[in-house]
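Let me begin by presenting the structure, written as structure tokens, before commenting on it.
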Amino acid sequence: MRAAPTILHLDMDAFYASVEQASKPSLRGKAVIVGGLGPRGVVATASYEARRFGVHSAMPTAQARRLCPNGAYLIPRFTLYRQVSDVVMAMLRELSPLVEPLSLDEAFVDLEAGGVAFDSVSARATGERLRAGIRAATGLSGSVGLAGSKMLAKVASEEAKPAGLLLIEPGTERELLAPMSVRTLPGVGPATGEHLRRAGITTVGELVEAGEDELVRMVGRAHGTGLYRMALGLDDRPVVAERDAKSVSVEDTFDVDLHDRVRIRGEVQRLADRCVQRLRGSGHSGRTIVLKVRRYDFSTLTRSETLRGPTDDAAVVREAAARLLEAVDTTGGVRLLGVGVTGLADYTQEDLFAQSLAAEAAEATEAAEGEGGADATAGPAGPQAADGAAGTQEGSEPPAEAQEAPERRWAAGSDVRHVLYGPGWVQGSGVGRVTVRFEQPGSEPGRVRTFRVDDPELEPSDPLPLVGETA
């Protein structure tokens, strides 16, 4: 514990939903829910307007739709979220070399290590400057907590929401914590909270009154001792500068269980390619390839293979993932697939290029002999594709001129640009039509127009910045 509140915790307010409201003027002040839109989708973030209806993160989207049927349901746009997060994290690193990101929208900062705060007055001034700077740079609000420890700084930022700042003066911790729910403390989840409730302990003050010995008896020595110290406001954990990523992975949950082995293999190869893109984007390579399969009965299997050295080659990862898939029984159906790479390094072992060349040669031979299944790159575009859409065997494919172009898919919330009307976003699509609202950050709410899904003048677009030039 520090004698001055020089540990800062920043938590952006309803981050994904706030970014969507900032970039879509017609949604400001309205209920916005960001997450998976399919039957098995899950809410990633809900705006404060949506939370009034009981919608919250990790809730099934189907349940959210029942609670808030008139909300705007949008797919996540992680490219834009990362861009905004990079701006915010850069501002934090200007304050101190010790910045500990917890997610895209949350981080601890050691203000004392940066020489920008040594007491309550300077810490509060720094926090206010940060909030104003974030608003000017991104148009978004963040809540700031300041305290002498990480735990208390996080508690303070939660109490300050939305768009506020709370400073906990050293010496007032116990008084502040006493009336709060035990769920406020880190490590007290639903199970522990219910166990304590049955023992008549619902507040932090009651935890202190119970005493360390009683807590140790109830939840074990390590957990009990830690809970008692946190209830007293004691937390000596330092702010740790950004750690290197330990793994990179991607996964998809499918609206309908997959049974077609060819389709499953194609999805695994597509996931492998996406994983490698993310791996390269982070500047890493990795040694261990991991396959995750969640079956129809919710049982989850993981299989892994460790290579001779790190790689960031898509062909090598695809080949390893395919080998791992061969060892998994998928006859009952698959609801989720994932591919990951662990054992990360910032270099690639050169002898693995031989593996890549061998894999490419094998693929070429397989294609020439006509023994392969569906082309992974020509298979379904993603988990929204219908079952049974796997590629055809050689000799059964119709002539190119006889094939119909696949229907273009427009996900709600995605960015588009029209030759005549400029930038906009998809409100919805179906029965061969797509509805677009033409507006952009900083503009007035725009007009809505409807087009054929195959309109050649309408194209997907990159997100526009929230602040600055948008046209």
Side-chain angles (χ1 to χ4, degrees), residues 12-35 37 43-53 55 68-91 104-105 131-143 162-163 408-430 433-471:
M12 301 296 290
D13 299 320
F15 183 53
Y16 298 170
S18 294
V19 170
E20 297 299 340
Q21 289 177 320
S23 63
K24 300 174 171 66
S26 60
L27 297 183
R28 291 170 190 167
K30 298 182 180 179
V32 174
I33 299 92
V34 179
L37 304 186
V43 174
T45 304
S47 69
Y48 287 98
E49 295 84 359
R51 295 180 191 186
R52 298 192 188 107
F53 293 88
V55 180
C68 186
N70 296 320
Y73 289 82
L74 310 173
I75 61 165
R77 296 187 296 162
F78 288 108
T79 298
L80 179 57
Y81 305 154
R82 289 190 184 96
Q83 291 173 357
V84 177
S85 176
D86 288 345
V87 172
V88 173
M89 294 300 167
M91 297 176 70
L104 289 176
D105 61 334
R131 290 178 59 239
I134 290 173
R135 173 73 75 175
T138 67
L140 306 178
S141 66
S143 297
R408 300 168 76 185
R409 296 181 180 275
W410 303 97
S414 57
D415 297 280
V416 296
R417 180 177 288 273
H418 192 273
V419 172
L420 296 180
Y421 305 115
W425 59 279
V426 174
Q427 281 199 324
S429 64
R433 294 286 187 268
V434 55
T435 301
V436 177
R437 186 180 288 273
F438 290 97
E439 59 186 6
Q440 54 189 301
S443 73
E444 294 297 317
R447 292 190 59 182
V448 174
R449 299 180 184 275
T450 300
F451 308 90
R452 299 192 320 273
V453 293
D454 58 352
D455 191 317
E457 296 187 333
L458 186 68
E459 294 290 343
S461 174
D462 292 330
L464 296 173
L466 299 186
V467 176
E469 285 291 330
T470 58

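Worth saying up front: this structure is predicted, and the values here are computed from it rather than measured.
- With contacts defined as side-chain heavy-atom distances shorter than 4.5 Å, the pair V436/W410 does not qualify.
- You'll find the side chain of L458 reaches within 4.5 Å of the side chain of V434, heavy atoms only.
- A 4.5 Å side-chain heavy-atom check between S141 and R135 finds at least one atom pair inside the cut-off.
- The minimum heavy-atom distance linking A163 with S143 is given by the pair N-OG, 3.1 Å.
- Under a 3.5 Å cut-off, the side chain of S414 and the backbone N or O of A411 do form a donor-acceptor pair.
- By the neighbour-count criterion of 12 heavy atoms within 6.0 Å, atom CZ of R447 is sparsely surrounded, having that number or fewer from other residues, nucleotides or ligands.
- For A46 against A14, the heavy-atom pair with the smallest separation is O-CB, 3.8 Å.
- Counting heavy atoms from C-beta on, the side chains of W425 and L27 come closer than 4.5 Å.
- The closest side-chain heavy-atom distance from K30 to E49 is not below 4.5 Å.
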After noting the C-alpha distance and the side-chain angles of E439 and K24, does the key distance pass the side-chain contact (heavy atoms from CB on, under 4.5 Å) rule?
CA-CA 7 Å; E439 59 186 6; K24 300 174 171 66; 3.7 Å; yes
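- Using a 4.5 Å heavy-atom cutoff, the side chains of R417 and E459 are not in contact.
- Taking every heavy atom of both residues into account, S26 and R437 meet most closely at OG-CD, 3.0 Å.
- Taking the side chain as every heavy atom from C-beta outward, F15 and T45 never approach each other to under 4.5 Å.
- Using a 30° and 60° split on the angle between ring planes, F438 and Y421 fall in the tilted class, from 30° to 60°.
- Under the rule for a side chain to side chain donor-acceptor pair (under 3.5 Å), D455 has no partner lying at least two apart in sequence or in another chain.
- Side-chain contact annotation: S18 with D13, donor-acceptor N/O pair under 3.5 Å absent.
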For V453 and R409: C-alpha separation, side-chain torsions, deciding distance, then whether side-chain contact (heavy atoms from CB on, under 4.5 Å) applies.
CA-CA 7 Å; V453 293; R409 296 181 180 275; over 6 Å; no
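- No side-chain N or O of Q21 forms a donor-acceptor pair with one of Y48 less than 3.5 Å apart.
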List the steps and the verdict of side-chain contact (heavy atoms from CB on, under 4.5 Å) for D462 and T79.
CA-CA 9 Å; D462 292 330; T79 298; over 6 Å; no
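- For the pair M91 and A137, the tightest heavy-atom approach, listed with the atom from each and the gap, is SD-CB, 4.2 Å.
- Applying the side chain to side chain donor-acceptor pair (under 3.5 Å) test to D415 and every residue at least two apart in sequence or in another chain returns R77.
- Note that CG of L37 is 7.0 Å distant from CD1 of I75, once rounded to the nearest 0.5 Å.
- For E457, the CD atom counts as densely surrounded, since its 6.0 Å shell holds more than 12 non-hydrogen atoms of other residues, nucleotides or ligands.
- Geometric assessment of R433 against the ring of F451 yields a negative cation-pi assignment under the 6.0 Å and 45° thresholds.
- Looking at every heavy atom in both residues, P76 comes nearest to G35 through CD-O, 3.5 Å.
- Annotation: side chain to side chain contact (heavy atoms under 4.5 Å, CB included) contacts of A22 (sequence neighbours excluded): L140, L466.
- From L104, atom CG reaches atom CD of Q83 across 11.5 Å, with rounding to the nearest 0.5 Å.
- In terms of heavy atoms, P465 sits closest to P441 at O-CG, 3.5 Å.
- Side-chain contact between V34 and V43 is absent, with no heavy-atom pair separated by less than 4.5 Å.
- Looking at Q440 and S23, their side chains never bring a donor and an acceptor atom within 3.5 Å of each other.
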